Amino acid sequence: MMRLLPNCSNKTMKIAKTIAELKSCLEDFGRDKTIGFVPTMGYLHDGHLALINEAQSQNDVTVVSIFVNPTQFAPGEDLDAYPRDFDRDSQLAEAAGTDLLFFPDPAEIYPTGASTFVEVEGDITKKLCGQSRPTHFKGVTTVINLLFNLIQPTRAYFGQKDAQQVAVIKKMIRDLHMSVEIIVCPIVREADGLALSSRNVFLNLAARDQALVLSQSLASAKALYGSGERSVKIIKAAIINQITTMPLAAIDYVDILDFETLADIETITSPALAAVAVRFGNTRLIDNIILIKR
Ligand code: PAF
C-alpha cells in the first residue's frame, strides 16, 4: 500500500528523455549547484520517495532517473515483467520535489555498438545475490557509472535494502577515485514489516502473508544477537529454520557477513550484515538487518 510522503514541493518538474535534453536541463540549473541524484528503475514506492526527500533536503537540485536497466538482468529474469507505470511515477516524483526526471529509452543509454562495461571484481560481487545473479552487479555498476558521468551528482542516494549493491557501488567509487558522495537511507517497511520493493506487487495474498517471514526471521536474528549470541552458524541456522516453516518460501541465500567488506566471518565482533533472499514463486525478495552493538 502506497503511503504518500507529504507534498513538500510546488516546483514544476522537468522531464528529459534524451541525453541532450538532460544536459540542457542541467545547464539551465547551473553547474555551480549541488545535485542530489536518485537512480531508480521506477514503479516508485515510499522507499524511493524517502530517498528523493533526503536528496531534496541536502542539495540545490534533485535529479531522479527511471530506467529499467537491461544489463543488470540475465536472460530469463524479469526484465520484461518488471513493473512500469511512468505516469504514476512522474506524479509521485514531482510531488516529492524532484526537479528533473531522466527517463531514457534503452537505446539512448546503450546505443548500437556500445560494448564498454564497468565491473567490480572479487568476492564482493560473487557472494549473496552474485551467486544466483552472476552478471547482475556488472550491469548495475555499468549503468551507475554511465548515469554519474551524465549527471555529475554531488551526492547519490541508495536504499539499505540493497545492501550489497551499496557495498559494490562504494567500492567502485573508491577504486575509481570518483568524487560523488554515497548516501545510504534506511529500509522503508510496510506497517507489518515487509520491506518495500517494486516487486511486492507480484505477490499473491498467500505469498504476501508468508513473505513476512523475511523481516520476522531477521528480527529473531537481532534478538538472538541482542541476547549475546555471536556465532554466525547459530544465528544463520535460526533464520533458515524460521524461513523454512513457510511452505511457499524457497531460500536463495541466508548469510551473515562483515558489514563493510562483506567478508565471511564465523563470529560477530564488529558490525555484521544479516542478509536473506527468498523466492515466492517467480518473485525473489531480499531483506537485511545490521547486527551492531548498541
Ligand atoms: O536499485 C535499483 O533500482 C537499480 O539497481 C539501480 C541502482 C537504479 C541501477 O539500475
Side-chain angles (χ1 to χ4, degrees), residues 16 22 35-52 54-55 62-74 77-86 88-90 92-93 96 98 100-110 114 116-120 124-125 128-130 132-151 153 155-173 178 180-188 195-202 275 277 283-288:
L22 173 76
I35 298 177
F37 173 45
V38 183
T40 82
M41 299 207 299
Y43 216 70
L44 302 182
H45 52 64
D46 281 354
H48 298 114
L49 300 183
L51 301 180
I52 298 173
E54 193 68 3
T62 300
V63 180
V64 174
S65 64
I66 294 181
F67 181 62
V68 183
N69 173 34
T71 62
Q72 68 191 72
F73 291 80
E77 288 187 346
D78 59 353
L79 172 63
D80 292 336
Y82 198 86
R84 292 159 168 93
D85 188 340
F86 180 71
R88 176 179 161 280
D89 281 351
S90 58
L92 289 171
T98 304
L100 171 59
L101 185 60
F102 183 42
F103 177 55
D105 281 338
E108 188 73 11
I109 295 297
Y110 300 114
T116 302
F117 290 87
V118 176
E119 184 168 19
V120 175
I124 194 165
T125 49
L128 301 179
C129 293
S132 59
R133 307 187 74 193
T135 56
H136 172 68
F137 290 110
K138 182 174 168 183
V140 171
T141 42
T142 298
V143 80
I144 289 299
N145 245 284
L146 230 145
L147 292 168
F148 283 1
N149 282 340
L150 293 171
I151 293 164
R155 301 180 184 88
Y157 296 78
F158 296 89
Q160 178 58 34
K161 187 169 82 69
D162 298 303
Q164 187 177 14
Q165 170 169 278
V166 167
V168 170
I169 290 172
K170 280 184 168 173
K171 178 145 190 355
M172 173 186 79
I173 301 284
M178 298 166 86
V180 55
E181 185 185 351
I182 301 300
I183 309 285
V184 185
C185 298
I187 298 176
V188 179
L196 296 193
S197 162
S198 303
R199 289 187 171 98
N200 288 352
V201 71
F202 294 134
T283 308
R284 181 176 173 280
L285 301 181
I286 58 172
D287 200 349
N288 67 75

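By convention here, the first residue in the shown sequence is residue 1. Quick note: numbers below take in every heavy atom, side chains included, and nothing from hydrogens, waters or symmetry partners. The model shown is predicted, which means the values in this text are computed figures rather than measured ones. Read the numbers this way: they start at 1 and go in the same order the structure lists the ligands and their atoms.
The side chain to side chain donor-acceptor pair (under 3.5 Å) test with Tyr110 is passed by exactly one of Asn69, Asp105, Thr116, Thr142: Asn69.
Per-residue contacts place Val143 under 4.0 angstrom from the following atoms of ligand 1 (heavy atoms of the residue considered): 9 (C), 10 (O). Those atoms of ligand 1 with a heavy atom of Gln165 less than 4.0 angstrom away are 1 (O), 2 (C), 4 (C), 5 (O), 7 (C). Of all the atoms in ligand 1, the ones that sit under 4.0 Å from a non-hydrogen atom of Thr40 are 8 (C). Here is the list of ligand 1 atoms found below 4.0 Å of a heavy atom in Asp162: 1 (O).
Residues that satisfy the side chain to side chain donor-acceptor pair (under 3.5 Å) test with Lys171, not counting sequence neighbours, are Asp175.
Residues Asp287 and Leu285 fail the side-chain proximity criterion, which asks for heavy atoms closer than 4.5 Å.
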Taking only distance into account, with no hydrogens and no angle test, what donor-acceptor pairs under 3.5 Å do side-chain atoms of residues 157-166 form with protein atoms, sequence neighbours excluded?
from, atom 1, to, atom 2, distance (Å)
Tyr157, OH, Gln58, OE1, 2.6
Tyr157, OH, Asn59, ND2, 2.8
Gln164, OE1, Cys129, N, 2.9
Gln164, NE2, Ile124, O, 2.8
Gln164, NE2, Lys127, O, 2.9

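A cation-pi geometry, defined here as NZ or CZ lying under 6.0 Å from the six-membered ring centre and within 45° of its normal, does not hold between Arg199 and Tyr82.
Taking each of Met41, His136, Gln72 in turn, the one with a heavy atom nearest to atom 9 (C) of ligand 1 proves to be Gln72.
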